[in-house]
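Taking it in order: structure first as structure tokens, then the write-up.
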Amino acid sequence: MAYIRGLKCRECGRLYPTEAIHVCEYCFGPLEADYDYDAIRANVSREKIAAGPRTIWRYRDLLPVNGDRVIDIGAGCTPLVRADNLARELGIRELYLKNDSVNPSYSFKDRPVSVASSKALELGFDTLACASTGNLACSVAAHAARAGLRACVFIPANLEQGKIIGAAIYEPTLVAVDGNYDDVNRLCSELADQYNWAFVNINVRPYYSEGSKTLAFEVAEQLGWRAPDHIVAPIGSGSLFTKIWKGFNELKKVGLIDSSPPRMSAAQPLGCAPVYTSYVNGTENVRPVRPDTIAKSVAIGNPADGYYCLRIIQESEGGCAAASDPEIIEGIKLLARTEGIFTETAGGVTIACLKKLVEDGKIDPDEVTVAYITGNGLKTQEAVVDHLVRPLQVAPTIESFEAALRERELALV
Ligand SMILES: *Cc1c(COP(=O)(O)O)cnc(C)c1O
Ligand SMILES: [Zn+2]
């Protein structure tokens, strides 16, 4: 039994039944899951959660799924790492990294997709589909395999090899579209009107996006049931960012934490920074851009939740930063060098922006800060391959090894 009452328009508040719909018929506002929070408050407890599975499904009372069967391939309960080396390098006191690069399909997308695929089963769909910037394709294909659903996933044709292979291995119908993500998304929105498929980030988006709330729930639980002071997270479509915020607010609403929700700061690549641009210009509207960045997983020129991200940044008194391609690569390398975590380009954006936010005084050195590392570096090897120190080439002898060492030392000075 779940506590979802229906869907609610984020703009006009009209209520809708829990079906595969995502837009308000009256004002075209986005629909969002609506819960009976009093009932949740009466039934949820820290102990009950602690006794649950070691996946996102320990927070089931706060998720929108009613069916008996959930598709659980092990998303969630990823490490929250105290990052003292990186904190020292940046000049802040208490920094944590939520390492979501170690989910089953190697990105945080397993959280929303686990919820979306479970809801798709409950609603009686036989096909799971998506418009993907890469990681979503991998996750949808993996969850469909597990659920016994057909999968049809659409990606931009110029995706990194790691993401194409990471999706193709599960044998979905994989469609490489000649265009960027915004073209893929437009095509899928048209297809969603004609095919009776569950497009996880289109017609079942209200359920899909709820899965990202678990990124807030877990961090609060891992910190001993409190919210941090400051969050840094990347924005692609903006779903992740808005749902981390919703997650912390819900925890307070149902009495699981006492602390106020954190300040929320956003990270975007400079080559695709529509939210950052509005933030800097102080405008309310997010103007679409044409993406040109190595951070393909967040290269969304027309972010569906961009406007709501701006509002959250304002309301929470957070900040926003953007990182160039060289800074993204430097961010990936900085994280690897200091904390032993290999993230993809989106994580490089987050680390580079974290650094800027500290340097610009947007993050106070005394704030307990959490940065979200959303994807795995093995999927975007193209971005760093030309920026790494090559292996020493040696014959299997001590002489050869020592000669190579001497040569490298000479080359370094
Ligand atoms: C999809 C994605 C994001 C952005 O998520 P949105 O919900 O679209 O804002 C960030 N990081 C990675 C690694 C992603 O795959
Ligand atoms: Zn409405």
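Counting starts at 1 for both ligands and their atoms, in listed order.
- Counting heavy atoms from C-beta outward, V219 and P228 have side chains that approach closer than 4.5 Å.
- Ring-centre distance between Y59 and F217: below the 6.0 Å cut-off.
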(request) Dump the intermediate steps for salt bridge (charged side-chain N to carboxylate O under 4.0 Å, His left out) on E210 and K119, then the final yes or no. (result) CA-CA 11 Å; E210 289 289 290; K119 195 70 189 180; over 6 Å; no
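- At a threshold of 4.5 Å between non-hydrogen side-chain atoms, the residues N135 and K379 count as touching.
- Around the CD1 atom of I169, the shell of radius 6.0 Å holds no more than 12 heavy atoms that belong to other residues, nucleotides or ligands.
- Because its NZ or CZ atom is both nearer than 6.0 Å to the ring centre of Y308 and within 45° of the ring axis, R10 counts as a cation-pi partner of that residue.
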(request) With salt bridge (charged side-chain N to carboxylate O under 4.0 Å, His left out) as the test, would you mind laying out the steps for R146 and D72 before giving the verdict? (result) CA-CA 8 Å; R146 169 73 167 211; D72 186 355; over 6 Å; no
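- Near the Zn ion (ligand 2), less than 2.8 Å away, sit the protein N, O or S atoms C9 SG, C12 SG, C24 SG, C27 SG.
- Residues meeting the side chain to side chain contact (heavy atoms under 4.5 Å, CB included) test with R88, sequence neighbours left out: D84, N85.
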Which atom pairs, one a donor and one an acceptor, fall under 3.5 Å between side chains of residues 171-179 and the rest of the protein, sequence neighbours left out?
none

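- Residues of the protein with a heavy atom under 4.0 Å from ligand 1 are F108, K109, N135, P234, I235, G236, S237, G238, S239, L240, S297, V298, E344, A346, T374, G375, listed by chain and number.
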